[in-house]
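Throughout, a chain's letter reflects where its sequence line sits, starting with A, and its residues are numbered from 1.
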Amino acid sequence: MENQTNLLEQRRHKLAELKRLGYDPYPHKFDYTHTIGQIRTELEAFNHDELQEKKVTVRVCGRIMSLRPQGKAGFMDISDGEHRIQVYVRKDTVGPENFELFQLFDLGDIIGAEGPVFRTRTNELTVAVTKVHHLSKNLLPLPEKWHGLTDVETRFRQRYVDLIVNPDVRSVFVKRSKIIREIRNFLDDRGYLEVETPVLQTIAGGALARPFRTHHNALDIELYLRIALELYLKRLIVGGISRVYELSRIFRNEGVSTHHNPEFTMLEFYQAYSDYRDLMDLSQELITSLAEKITGSRQVKFQEHILNFDSWQRFSMKEAIFRFWPDSAPKPNEEDFLSVKKLRTLAASIHAHYELTDGPGKLLATLFETVAEDHLIQPTIIYDYPAEVSPLSKRKADDPTTVERFELYIAGMEIANAYSELNDPAEQKARFEEQLNARGRGDEEAHDMDADYVRALSYGMPPTAGEGIGIDRLTMVLTDSISIRDVILFPLLRPEQVE
RNA sequence: GGGCCGUUAGCUCAAUUGGCAGAGCAACUGACUCUUAAUCAGUAGGUUGAAGGUUCGAUUCCUUCACGGCUCACCA
């Protein structure tokens, strides 16, 4: 701390020195003629002699990332966050007064520089400075230049520092932005309307999860932060917006892990007159085209794997259980899936955790998650889920225990969840009542009754298919990120003590 | 919430069996007008995450706490 205090004092002293010499320590603007990136794209192709001939003079600005003074001259690398360029300051070129200003510069300061662009003896594209400007002071030192900043806690708490010194971090978030833009383009091109629905809700529905609670003072009512977008979007399908989507933040009051952040970004889209089979094809098209647009290839590196988006697999949930069942446990039969007792035995045989209140559908889903999920590295669609764990999905015509639902797995993670929407208000009401019973048995994540949603369905909702895609996890897949915190700029952490 | 691991200078890391807390970079002073991990000479910088305990002596052993990582549970 002493050291940092000393350094702060030193830097504040330099700031005072700037003032004493008549400079505004925090000037209001700097008119630049080129960004560093523009200089790179426009002039990178030219050699020393060509640059001498062209005499391109620029005004650029950025943060000093490297400072190499050399007596009566000096070099700096300045960065605009994305690109870097070297600038060369000579006392006999800028004059004694401006050189005095240069000598007050510190690593991390924001500066402006003007002058012609040339190439040094070592062929480095460089601004031969005729005048430097001080634009803002760095009072706290930047992390070391070649190990950079690796302490993850500091990286997440002070993401601004992470972004300054770790260029790869920026590129993840540039890709994230591009993913979101491409998704919007994809859906807009297909006639979907983007809408915004309430974040504050009196019933947090559309998913099985625990919500955050809050309170509205003027109305004196308890409210929840939404856990899904689903029920409002389907109300809009009833209202005749037959292709609709929302891409926004949702909130779940659950644990934090490498795959979970309490607030995360969800895309949900709904398409009338379609069923889940249509969305399988659409998802495959969307995700494959995103992979290609973001990474430049349909073969995408993820950790030690190459994800091949040219070769998608599709299994029913039961097929996946058989296929990935471990050799160490006795193989199940199709009939075993009908008996709670047999299902519990199977779960125990693979050390899966279950509750005594779990019905056959929940147990089946548990078996699937335990044996199959880790194996689903390549893009895989798992379809036909138990009705018991899918209170908003439509049953299969030939099997009332199963619903028309699928999930998309990539890199062992659940990326998307989609189904043919239940649009029979009487059955929806009955499903909500089943959920209320589960809630009565202590299941805090069971769905609450949403009477207005049932009323909306009673006006008639066309056959509809809907899907949710987790944007954070999709971004992980397409940026080779192992933790969700690497794709969220400010992931939730416990508060620190800042003086 | 449980288990395991971690926290030493601004950053990245050392420190033998419990025996004087160190290095590189950053910083400061000086030299240096084509350097780019600039170089050379010198200087300074520490409540070892916090609080207790054991001990002649604790970065090191013990307890509690804080924060983080991994993992399990929960979930997407």
A:Lys14 side chain near B:C28 phosphate (N/O to OP1/OP2, under 4.0 Å): yes
Polar pair under 3.5 Å, donor/acceptor by atom type, side chain A:Glu153, base B:G69: no
A:Asp92, nearest nucleotide to its side chain (from B:U33, B:A27, B:A76): B:U33
Integer-rounded Å distance: B:C74 C1' and A:Glu369 CD: 11 Å
Separation of B:A76 C1' from A:Glu268 CD (nearest whole Å): 11 Å
Pair A:Glu17 + A:Arg20: basic N to acidic O under 4.0 Å: yes
B:A26 phosphate, OP1 or OP2, under 4.0 Å from A:Arg68 side-chain N/O: no
Selected nucleotide, minimal atom distance to A:Arg252 side chain, candidates B:A76, B:U35, B:C28: B:A76
Rounded distance in Å between the C1' positions of B:C65 and B:A14: 28 Å
Sugar-phosphate, base or nothing in reach of A:Phe118, heavy atoms under 4.0 Å: base
Sugar-phosphate only, base, or nothing, as touched by A:Asp472 at under 4.0 Å among non-hydrogen atoms: nothing
OP1 or OP2 of B:G68 under 4.0 Å from side-chain N/O of A:Arg157: yes
From B:U12, B:G10, B:C34, nucleotide with atom closest to A:Pro141 side chain: B:G10
Nearest to side-chain heavy atoms of A:Arg121, which nucleotide of B:U12, B:C28, B:C34: B:C34
Donor-acceptor pair under 3.5 Å, A:Thr120 side chain vs B:U35 base: yes
Protein N or O to nucleotides 29-32 of chain B N or O, pairs below 3.5 Å:
| from | atom 1 | to | atom 2 | distance (Å) |
| --- | --- | --- | --- | --- |
| B:C32 | N3 | A:Gly71 | N | 3.1 |
| B:C32 | N4 | A:Gly71 | N | 3.2 |

Consecutive-pair stems (3 or more, Watson-Crick or G-U, under 3.5 Å) for RNA chain B: B:1-7 with B:66-72, B:10-13 with B:22-25, B:27-31 with B:39-43, B:49-53 with B:61-65
Distance below 4.0 Å between A:His147 side-chain N/O and B:C25 OP1 or OP2: no
A:Arg119 and its salt bridge (charged side-chain N to carboxylate O under 4.0 Å, His left out) partner, picked from A:Glu50, A:Glu124, A:Glu44: A:Glu44
Sugar-phosphate, base or nothing in reach of A:Leu208, heavy atoms under 4.0 Å: sugar-phosphate
Heavy-atom neighbours of A:Leu493 CG exceed 12 at 6.0 Å: yes
Atom-to-atom span, OH of A:Tyr88 to P of B:U33 - whole angstrom: 9 Å
Side-chain N or O of A:Arg494 closer than 4.0 Å to phosphate OP1/OP2 of B:A66: no
Minimum-distance nucleotide to A:Phe156 side chain [options: B:U33, B:G69, B:A76]: B:G69
Any side-chain donor near an acceptor of the partner, A:Asn261 and A:Arg485, under 3.5 Å: no
Residue pair A:Asn417 / A:Glu467, side-chain donor-acceptor N/O under 3.5 Å: no
Test log, rule side-chain hydrogen bond (donor to acceptor under 3.5 Å, both in side chains), inputs A:Tyr88 and A:Gln86: CA-CA 7 Å; A:Tyr88 179 39; A:Gln86 176 169 272; over 6 Å; no
Face-to-face stacking of A:Phe264 with B:A76, centres under 5.5 angstrom, angle under 30°: yes
Between B:G6 and B:U12 - C1' atom distance, rounded Å: 16 Å
Inter-nucleotide P distance (B:G68, B:U60), Å rounded: 23 Å
P gap between B:C13 and B:C56, integer Å: 37 Å
Phosphate-side-chain proximity, A:Ser66 and B:A38, N/O vs OP1/OP2 below 4.0 Å: yes
Short side-chain N/O contact to B:G68 OP1/OP2 from A:Arg155, under 4.0 Å: no
Cationic N near anionic O, under 4.0 Å, A:Lys234 to A:Glu230: yes
A:Glu82/A:Arg40 salt bridge by N-O under 4.0 Å criterion: no
Distance-only polar pair, side chains of A:Ser393 and A:Arg405, donor-acceptor under 3.5 Å: no
Touch class at under 4.0 angstrom, heavy-atom based, for A:Arg11 against every strand present: sugar-phosphate
Salt bridge flag under 4.0 Å for residues A:Lys137 and A:Asp106: yes
A:Glu194 versus A:Tyr192, side-chain donor and acceptor atoms under 3.5 Å: no
Touch class at under 4.0 angstrom, heavy-atom based, for A:Glu445 against every strand present: sugar-phosphate
Sugar-phosphate only, base, or nothing, as touched by A:Leu107 at under 4.0 Å among non-hydrogen atoms: sugar-phosphate
Separation of the P atoms in B:U16 and B:G22, to the nearest angstrom: 13 Å
C1' gap between B:U29 and B:G69, integer Å: 41 Å
Sugar-phosphate, base or nothing in reach of A:Thr150, heavy atoms under 4.0 Å: sugar-phosphate
Touch class at under 4.0 angstrom, heavy-atom based, for A:Asn138 against every strand present: nothing
Touch class at under 4.0 angstrom, heavy-atom based, for A:Leu493 against every strand present: sugar-phosphate
Candidate nucleotides B:A27, B:G69, B:C74, ranked by approach to the side chain of A:Arg485 - the nearest: B:G69
Contact nearer the 5' end of RNA chain B, comparing A:Glu355 with A:Asp77: A:Asp77
Inter-nucleotide C1' distance (B:G53, B:C67), Å rounded: 23 Å
Test side chain to side chain contact (heavy atoms under 4.5 Å, CB included) applied to A:Val58 and A:Val117, A:Ile85, A:Thr35, the passing residue: A:Val117
Closest nucleotide among B:A38, B:A76, B:G69 to the A:Lys145 side chain: B:A38
Sugar-phosphate only, base, or nothing, as touched by A:Asn417 at under 4.0 Å among non-hydrogen atoms: nothing
Residue A:Gln10, side-chain atoms from C-beta onward, closest of B:A27, B:G10, B:U33: B:A27
C1' atoms of B:G52 and B:G45, separation to the nearest Å: 29 Å
Ring pair (Phe, Tyr, Trp, His ring centres under 6.0 Å) against A:Phe302, all qualifying residues, sequence neighbours excluded: none
Whether A:Phe105 and A:His134 hold their rings parallel, tilted or perpendicular, with breakpoints at 30° and 60°: tilted
Along RNA chain B (nearest heavy atom to each residue), the more 5'-positioned of A:Thr258 and A:Glu263: A:Thr258
Sugar-phosphate only, base, or nothing, as touched by A:Gly148 at under 4.0 Å among non-hydrogen atoms: sugar-phosphate
Sugar-phosphate, base or nothing in reach of A:Gly470, heavy atoms under 4.0 Å: nothing
